[in-house]
Amino acid sequence: MLGRTIAFFYGIICYLIFLVSFLYLIGFVGNIIVPKSIDSGQAGPLTKAVVINALLLGLFAFSIA
């Protein structure tokens, strides 16, 4: 009986952690309420961003193959 109760409360805690994380994600992407949003960083040089993105995409493609 105690094991079922512990599992139930563990499930509730995990659900609440997911819910808070998902709500923060919505705020982060939508620039709503959260202290740091997706648009709050400084803009960097375009060429550096393109090179980093290309390397990350290449790494992702390599990991799938």
Side-chain angles (χ1 to χ4, degrees):
M1 184 69 167
L2 181 63
R4 291 181 71 180
T5 305
I6 291 172
F8 175 75
F9 283 115
Y10 177 74
I12 295 286
I13 290 169
C14 289
Y15 176 77
L16 290 175
I17 290 171
F18 166 77
L19 181 64
V20 169
S21 301
F22 195 72
L23 290 175
Y24 190 86
L25 173 69
I26 292 171
F28 179 77
V29 172
N31 297 327
I32 305 168
I33 301 175
V34 296
K36 180 116 175 119
S37 69
I38 198 167
D39 294 329
S40 64
Q42 293 181 347
L46 179 63
T47 53
K48 182 178 178 182
V50 169
V51 168
I52 289 173
N53 285 339
L55 288 173
L56 288 171
L57 282 170
L59 182 65
F60 177 71
F62 181 72
S63 69
I64 291 176

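Of all heavy-atom pairs between Val29 and Ile38, the closest is O-CG2, 3.9 Å.
Tracing side-chain contacts under 4.5 Å through hydrophobic residues (I, L, V, M, F, W, Y), one reaches Phe18 starting from Leu25; they form part of the same cluster. Transitive grouping of hydrophobic side chains (ILVMFWY, heavy atoms separated by less than 4.5 Å) keeps Tyr24 and Ile33 in distinct clusters. Both Phe28 and Phe22 are members of a single hydrophobic cluster when ILVMFWY side chains are connected at heavy-atom separations under 4.5 Å. Ile12 and Val20 are members of different hydrophobic clusters when ILVMFWY side chains are connected at heavy-atom separations under 4.5 Å.
Evaluation of the side chain to side chain contact (heavy atoms under 4.5 Å, CB included) rule for Tyr10 yields Cys14 as partners, not counting sequence neighbours. Residues passing the side chain to side chain contact (heavy atoms under 4.5 Å, CB included) test with Ile17, sequence neighbours excluded: Ile13, Ser21. Considering only residues two or more places apart in sequence or on other chains, Thr5 meets the side chain to side chain contact (heavy atoms under 4.5 Å, CB included) condition with Phe9.
Using a 4.5 Å cut-off on side-chain heavy atoms (C-beta onward), Leu23 and Leu19 make contact.
To the nearest 0.5 Å, atoms CD1 (Ile26) and CG (Asn31) are separated by 13.5 Å.
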(request) Apply side chain to side chain contact (heavy atoms under 4.5 Å, CB included) to the pair Leu55 and Leu59, showing each step before the final yes or no. (result) CA-CA 6 Å; Leu55 288 173; Leu59 182 65; over 6 Å; no

